[in-house]
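Let me begin by presenting the structure, written as structure tokens, before commenting on it.
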There are 2 protein chains.
Amino acid sequence: MSQTIRIASWNINSVRARIDIVERYLKEEAPDVLCLQETKVIDGLFPEGLFRQLGYRHMMINGQPMHHGVAIVSKVPLIHRKVEDWQANGEARHISAELNLESAKGIRLDNVYIPAGGDIPDREANPKFGQKLDFLTRMKDWSQSVKTPTILTGDFNVAPLENDVWSHRQLVNVVSHTRIECEHLAAIRDAGNWVDIARHFVDPSQKLYTWWSYRAQDWETSDRGRRLDHMWVTPDLTAKAKAHIVHKHVRGWGKPSDHAPIVTEFAF
Amino acid sequence: MSQTIRIASWNINSVRARIDIVERYLKEEAPDVLCLQETKVIDGLFPEGLFRQLGYRHMMINGQPMHHGVAIVSKVPLIHRKVEDWQANGEARHISAELNLESAKGIRLDNVYIPAGGDIPDREANPKFGQKLDFLTRMKDWSQSVKTPTILTGDFNVAPLENDVWSHRQLVNVVSHTRIECEHLAAIRDAGNWVDIARHFVDPSQKLYTWWSYRAQDWETSDRGRRLDHMWVTPDLTAKAKAHIVHKHVRGWGKPSDHAPIVTEFAF
DNA sequence: GGGGACTCGG
DNA sequence: CCGAGTCCCC
């Protein structure tokens with residue numbers, strides 16, 4: 001018998017400011033594992049109590065003051081915590097663990113928050129953009145080293161395909177959808193033979209977004225979204241993925257994150 | 001036939017941040033007139049719509065960016081707006097109007113927010129304390145000029161009597177209850193023969209507070225209050241005042257001001 | 001637009 | 001403790 005495991009990823013834009021909708025989400029959707037990005041909290045102030053109380057007793061957290069911060073909260077036991085520093089500057093942008101499952105041993109889950117990269121898509125004019133490209137390059141090197149079944153998810157801050165943005169033409173020079181970022185992301189994918197689960201289920205001819213700016217007056221009507229959040233798997237896990245959805249309605253809740261959660265259902 | 005008019009005063013500590021409890025207060029207690037201090041809003045952003053909708057169609061406002069700001073909102077028509085600058089520095093700390101009543105013409109209502117005065121009760125070490133004393137001195141001069149029936153209310157930031165603070169002994173050197181402030185306030189009172197309505201109804205042997213610090217972990221249990229908010233009347237109005245209460249329960253509402261509203265019922 | 005940090009004022 | 005402002009980041 002296989003075991004159904006639903007794994008979610010959500011850029012929460014402050015887990016403390018968003019505590020009410022995190023609770024609502026876990027009560028209504030109850031994924032088995034939730035990967036969070038932009039927790040914006042040091043480890044000592046991470047709201048472990050809430051997660052434990054909701055049945056997410058296993059947590060791997062990597063926070064820092066102010067910015068960034070990632071965490072995995074899980075009903076499934078987690079072992080072998082690892083942290084990568086792909087930006088080589090100590091920012092808390094990665095956390096990974098192994099799912100300690102009865103039915104499938106040795107599956108790793110890597111949760112990443114790739115740098116946004118600033119406003120100007122130019123290494124010289126904007127050092128943040130260079131740091132983003134360097135981060136992606138180090139992720140490619142890491143990808144080549146991945147030899148075990150792995151799920152790689154998080155806020156990649158890149159919308160690689162034309163239908164991953166509301167207007168390819170208008171965003172082609174906007175950070176997150178520039179050619180060089182898309183190429184860097186493709187290099188990571190190729191280096192690990194990663195399978196983009198969302199596009200495994202939703203044809204690239206269809207628009208698909210996970211993020212809608214706060215600045216739109218009516219995010220739903222204007223629908224100027226981007227697919228910045230991703231769930232990738234090593235090829236050996238492709239057949240285990242049974243469904244993938246974007247929980248778009250969560251973007252409409254009170255005091256929302258600008259990102260919607262994404263969820264993949266696996267049969268392990 | 002006389003007309004019953006209830007006049008309230010409340011240091012709201014931001015009328016915008018407190019909009020929900022202002023609405024609740026006006027719905028539950030429905031004073032005829034509400035004097036507000038620390039509105040913390042420029043006139044263009046004052047939430048006139050809410051007050052109008054609740055039946056307070058007459059407003060006199062005096063705001064500024066950031067700090068201070070006072071307003072009178074009223075079901076009773078208001079005329080003859082006046083603003084005093086007792087600090088001589090342009091801060092929005094006073095607004096007054098005449099109540100345009102059928103039964104009693106010519107009653108003025110003066111709403112004042114006296115400076116808090118900083119932490120150190122010393123003119124030299126702390127210029128804010130000097131400014132407060134100067135403000136009180138100018139108010140005394142104004143008091144001498146008051147010749148018509150007048151109600152003077154607001155946040156005076158002085159607790160003049162021993163039972164206006166939770167511990168006279170522990171607060172005698174704390175700004176708001178120092179001897180010099182109490183003397184300055186007494187000089188204002190004497191200059192206008194003002195009657196302290198709260199103490200007209202509540203004997204000075206009884207503790208009476210209108211403010212409880214945010215910093216106490218349990219304001220109600222520790223009850224370390226001070227009577228900073230006052231309602232004074234010219235002697236000709238004393239017999240018109242029929243009751244005075246502190247709406248202490250409002251201090252316990254969600255996201256409260258640190259001040260409770262005070263209300264006097266008049267029969268004009 | 002909306003986090004968090006900081007500073008100032010109460 | 002808790003407003004409001006400013007600045008930085010997304």
Side-chain angles (χ1 to χ4, degrees), chain A residues 11-19 21 36-42 45 63-69 91-93 113-120 126-129 131-132 155-158 174-176 211-219 222 224 226 228-229 251 254-259, chain B residues 11-19 21 36-42 45 63-69 91-93 113-120 126-129 131-132 155-158 174-176 211-219 222 224 226 228-229 251 254-259:
Chain A
N11 178 318
I12 196 61
N13 188 14
S14 173
V15 71
R16 286 178 296 174
R18 227 61 76 193
I19 197 75
I21 61 168
L36 293 167
Q37 304 88 39
E38 277 207 89
T39 54
K40 289 188 173 177
V41 65
I42 57 173
L45 295 176
Q64 64 171 80
M66 278 267 246
H67 294 304
H68 326 306
E91 289 181 359
R93 295 183 172 276
Y113 174 45
I114 294 175
D119 287 331
I120 304 156
N126 170 25
K128 284 185 209 298
F129 192 71
Q131 284 168 9
K132 180 178 192 172
D155 176 4
F156 290 9
N157 266 316
V158 180
V174 170
V175 174
S176 74
W211 174 90
W212 293 261
S213 171
Y214 282 126
R215 298 180 206 191
Q217 58 272 64
D218 185 339
W219 70 275
S222 60
R224 298 187 167 190
R226 304 183 203 172
L228 302 180
D229 302 275
R251 177 62 178 80
K255 278 180 80 57
S257 167
D258 44 355
H259 294 254
Chain B
N11 179 317
I12 195 61
N13 188 13
S14 174
V15 70
R16 285 177 296 173
R18 226 63 75 193
I19 197 74
I21 61 168
L36 293 167
Q37 304 88 38
E38 277 206 88
T39 54
K40 289 187 173 177
V41 64
I42 55 173
L45 295 176
Q64 64 171 82
M66 276 269 245
H67 295 306
H68 326 307
E91 288 182 0
R93 294 184 174 276
Y113 174 46
I114 293 175
D119 287 330
I120 304 157
N126 170 25
K128 285 185 210 298
F129 192 70
Q131 285 167 9
K132 181 179 192 172
D155 176 3
F156 290 9
N157 266 315
V158 180
V174 171
V175 175
S176 73
W211 173 89
W212 293 262
S213 171
Y214 282 126
R215 297 177 208 194
Q217 59 273 62
D218 184 340
W219 70 276
S222 60
R224 298 188 166 188
R226 304 183 202 171
L228 302 180
D229 302 275
R251 178 62 178 79
K255 278 180 78 59
S257 168
D258 44 355
H259 294 254

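The chains referred to below are lettered A, B, ... by the order of the sequence lines, with proteins before strands, and numbering in each begins at 1.
Rounding to whole angstrom units, CG of residue Leu36(A) and C1' of dG3(C) are separated by 15 Å. Here dG10(C) presents its C1' atom at 15 Å from CD1 of Ile120(B), a figure rounded to the nearest Å. As a whole-Å value, the separation of Asn11(B) CG from dG10(C) P is 11 Å. Atom-to-atom, CH2 of Trp211(A) to P of dG1(C) comes out at 13 Å; the value is rounded to the nearest Å. dC9(D) atom P lies 22 Å from atom CD1 of Ile12(A), rounded to whole Å. Distance, Asn126(A) CG to dC9(D) P: 10 Å, rounded to whole Å. Counting to the nearest Å, the P atom of dG10(C) and the CE atom of Met66(B) are 11 Å from each other. Rounded to whole angstrom, the span from the CD atom of Glu38(B) across to the P atom of dG5(D) amounts to 13 Å.
Under 3.5 Å, the side chains of Arg18(B) and Ser257(B) contain no donor-acceptor pair of N or O atoms.
Closest to the side chain of Tyr214(A), out of dC10(D), dG3(D), dG1(C), is dG1(C). The nucleotide whose nearest atom lies closest to any side-chain atom of His67(A) is, among dG10(C), dG3(C), dG3(D), dG3(C). Closest to the Arg18(B) side chain, of the nucleotides dC2(D), dC10(D), dG1(C), is dC2(D). Of all nucleotides listed (dA5(C), dG3(D), dG3(C)), dG3(D) comes nearest to the side chain of Asn13(B). Closest approach to the Lys40(A) side chain among dG3(C), dG10(C), dC10(D) is made by dG3(C) (side chain taken as heavy atoms from C-beta onward). Among the nucleotides dA4(D), dG10(C), dG3(C), the one closest to the side chain of Ala17(B) is dA4(D).
Close to dG10(C), at under 4.0 Å from its OP1 or OP2, lies a side-chain N or O of Arg93(B). Considering only side-chain N and O atoms, Arg215(B) lies nowhere under 4.0 angstrom from the phosphate OP1 or OP2 of dC2(D). Between Ser14(B) and dA4(D) there is a side-chain polar atom (N or O) within less than 4.0 angstrom of OP1 or OP2.
Screening Glu91(B), Gln37(B), Glu38(B) for a side chain to side chain contact (heavy atoms under 4.5 Å, CB included) with His68(B), the sole residue that qualifies is Glu91(B).
Using a distance-only test at 3.5 Å, with no hydrogens or angles considered, a donor-acceptor pair links the side chain of Asn126(A) to the main chain of Gly117(A).
With the nearest nucleotide of DNA chain C identified for both Arg16(A) and Lys128(B), Arg16(A) has the one nearer the 5' end.
A heavy-atom distance below 4.5 Å is not found between the side chains of Arg224(B) and Ser213(B). Contact annotation: the side chain of Lys255(B) never approaches that of Ile21(B) to less than 4.5 Å [non-hydrogen atoms, C-beta and beyond].
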